[in-house]
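First up is the structure itself, then whatever we jot down about it.
Remember, it's a predicted structure, so these values are computed and weren't measured experimentally.
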Amino acid sequence: MTVSIQGMSRLPPHRVFLAGIRCGVQFLLAPSLMADVCGEQLRRVESRCKFGAMDGNQAITSGEGTAADLVADALALGVKASPRMVTSWVEDGMLASPEPRKTSAHGSDPRVFSPEQRELFTRLLEARERSPLGRIPQRSLIRVVLYLWLIDDTIVPTPQARRAWRTHARAAGRTNAVRRSENVRAVVEQLAHPSATLKQRRTAHLVLEEGERTGQIDIDRLTSVLTELYSPWPTQPGMPRIERALPGPFGPVSVQHHIAMWRARQLTVRRLRHEEIDETELDRVRAVYRPMWADYQDRRPVMATLGTGEFAAYFAEPDTMEGRAIEAVDAFVGTLAGELGLIEAASHAAETARLRSVR
């Protein structure tokens, strides 16, 4: 039997992963990259991307174009490109599939990209080349594409977004052993009670690191080691186990909450990676996400003012456009996990594992 200080808090979807375990790679876009692509018009869900609003750029007025036209656009910018590069961008969701254009009874011209897609291609190249960090990996640029899909219905179509989510999910957790170990160490220190022993910390580190490396979670093992880390007090004979809960912006958070959020995130990313979520479902969840996220954006300044200390930081708006994009994309993953029932399933599994551990 276990006595929990308080049950799992019910965080709203836009905070559910930000308050959970944050192992794995954090995709960091170069400073000004997001602003280079769409400017400040991207701040609100209902806004439209104004490509011509970027600092130091003249508005591009190109029409539709073939892959050869896109290659020519890149070469005009001084960027090496090839038809194979354009094809790769389509496969990865950086660009939508070109549309057929039949011009005669005996054949068709090469497929063409819409004016919006041609301009997106150019702007992404410009932003990538101007980055002070050097060449930006494509997996970072993909977050820009997903952000555009989240806020606008005309630039990035959902079939393209589905491929982009696949690319995004495949890159999730892709990091070297040193970075992975550093991430896990930070999580262990966040969750560990001051009384947790070195052995308990080391064991939790190994289990978490293995889960990040393999993508597999032994929920019984994870529950055991994290419970000992979180509440490292020996159980007295005939007495129920006492488990603590850490304070959070929406109430105390139990260790089962962290386990459930990590599990739900992994299940969601796995489905995105294998394109197991169809376009209709993505559109449906986006429709749920938009008003929810817009409402949060409206209320967060007041919530940040009412909060104190570290909890006020939960509601602070990111200082950069990159930060807003990262936050919005992560929030959609949380909303998706909730709408697919994965958070509920993971919570049930975490509670079941807790009950098994005290029998």
Side-chain angles (χ1 to χ4, degrees), residues 8-27 93 139 142-143 146 149-150 158 161-175 180 183-184 187 191 204 207-227 253-286 288-289 292-293 326-357:
M8 192 178 308
S9 63
R10 296 181 62 82
L11 299 182
H14 53 264
R15 295 304 311 177
V16 77
F17 285 107
L18 302 182
I21 292 178
R22 303 184 69 176
C23 292
V25 66
Q26 295 293 321
F27 297 97
R139 65 178 181 269
I142 206 70
R143 197 186 293 267
L146 292 172
W149 175 75
L150 283 173
T158 302
R162 188 184 185 195
R163 296 194 301 274
W165 279 115
R166 178 195 63 196
T167 301
H168 172 77
R170 286 178 176 176
R174 186 184 298 171
T175 186
R180 184 166 55 243
N183 291 338
V184 170
V187 171
L191 298 182
V207 172
L208 286 170
E209 190 169 32
E210 181 181 9
E212 283 294 293
R213 179 177 57 83
T214 64
Q216 302 297 320
I217 295 178
D218 182 338
I219 199 164
D220 290 320
R221 177 66 170 153
L222 186 64
T223 296
S224 175
V225 299
L226 288 189
T227 298
V253 181
S254 69
V255 69
Q256 283 77 34
H257 169 83
H258 291 288
I259 295 170
M261 293 309 103
W262 192 26
R263 177 62 172 165
R265 174 187 176 275
Q266 285 203 331
L267 291 173
T268 305
V269 169
R270 183 180 301 168
R271 291 195 182 187
L272 289 169
R273 182 183 300 130
H274 296 292
E275 292 189 272
E276 295 174 357
I277 305 172
D278 62 32
E279 295 160 19
T280 300
E281 188 71 353
L282 287 174
D283 281 335
R284 184 189 71 79
V285 176
R286 181 176 61 170
V288 172
Y289 162 88
M292 183 184 303
W293 187 245
I326 289 171
E327 187 180 64
V329 171
D330 287 348
F332 179 81
V333 174
T335 305
L336 187 61
E339 288 295 310
L340 295 177
L342 298 179
I343 293 177
E344 182 179 0
S347 298
H348 177 74
E351 179 62 14
T352 300
R354 183 188 71 80
L355 294 174
R356 280 197 297 263
S357 71

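- The minimum heavy-atom distance between Ala164 and Leu146, with the atom names listed, is CB-CD2, 3.6 Å.
- Contact annotation: the side chain of Asp218 never approaches that of Leu222 to less than 4.5 Å [non-hydrogen atoms, C-beta and beyond].
- The CG atom of Leu342 sits 4.5 Å away from atom CZ of Arg271, with the distance rounded to the nearest 0.5 Å.
- Every residue was checked against the side chain to side chain donor-acceptor pair (under 3.5 Å) condition with Trp165, not counting sequence neighbours, and none meets it.
- Side chains of Thr158 and Arg286 form a contact here, defined as non-hydrogen atoms less than 4.5 Å apart.
- Side-chain contact check for Arg166 versus Ile142: every heavy-atom pair is 4.5 Å or farther apart.
- Here Leu340 contributes atom CG and Leu336 contributes atom CG; the two are 4.5 Å apart, rounded to the nearest 0.5 Å.
- Considering only heavy atoms from C-beta on, Val285 stays 4.5 Å or farther from Ile277 through its side chain.
- Taking all atoms of both residues into account, the shortest heavy-atom contact from Ala337 to Thr268 is CB-OG1, 3.2 Å.
- For Tyr289 (side chain) and Gly334 (main-chain N/O), no donor-acceptor pair under 3.5 Å exists by modelled atom type.
- For the atom pair CD (Gln256) and CG (Leu226), the distance works out to 9.5 Å, reported to the nearest 0.5 Å.
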Run the numbers on Trp262 and Glu212 for side-chain contact (heavy atoms from CB on, under 4.5 Å), then give the verdict. CA-CA 10 Å; Trp262 192 26; Glu212 283 294 293; 2.9 Å; yes
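- More than 12 heavy atoms of other residues, nucleotides or ligands sit less than 6.0 Å from atom CD of Glu275.
- In this structure, the separation between CZ on Arg263 and OG on Ser347 is 12.0 Å, given to the nearest 0.5 Å.
- Counting heavy-atom neighbours within 6.0 Å of Arg221 CZ, excluding the residue itself, gives a total of 12 or less.
- Looking at Arg213, its side chain never comes within 3.5 Å of a backbone N or O of Arg180 through a donor-acceptor pair.
- In terms of heavy atoms, Ala264 sits closest to Ala346 at N-CB, 3.9 Å.
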Worked verdict on His168 versus Val329 for side-chain contact (heavy atoms from CB on, under 4.5 Å): CA-CA 10 Å; His168 172 77; Val329 171; 4.2 Å; yes
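- For Asp278, there are no salt bridge (charged side-chain N to carboxylate O under 4.0 Å, His left out) partners, not counting sequence neighbours.
- Legend: ring-ring contact (aromatic ring centres under 6.0 Å, His included) pairs involving residues 264-284, not counting sequence neighbours: none detected.
- Not a single donor-acceptor pair under 3.5 Å links the side chain of Ser224 to the backbone N or O of Asp220.
- Taken from CD in Glu339 to CD in Glu344, the straight-line distance is 11.5 Å, to the nearest 0.5 Å.
- Between Ile217 and Gln266, some side-chain heavy-atom pair lies under the 4.5 Å cut-off.
- A salt bridge is absent between Arg162 and Asp283: the closest approach of a Lys/Arg side-chain nitrogen to an acidic carboxylate oxygen does not fall below 4.0 angstrom.
- A 4.5 Å side-chain heavy-atom check between Ile259 and Thr223 finds at least one atom pair inside the cut-off.
- Between Leu150 and Trp293, every side-chain heavy-atom pair lies at or beyond the 4.5 Å cut-off.
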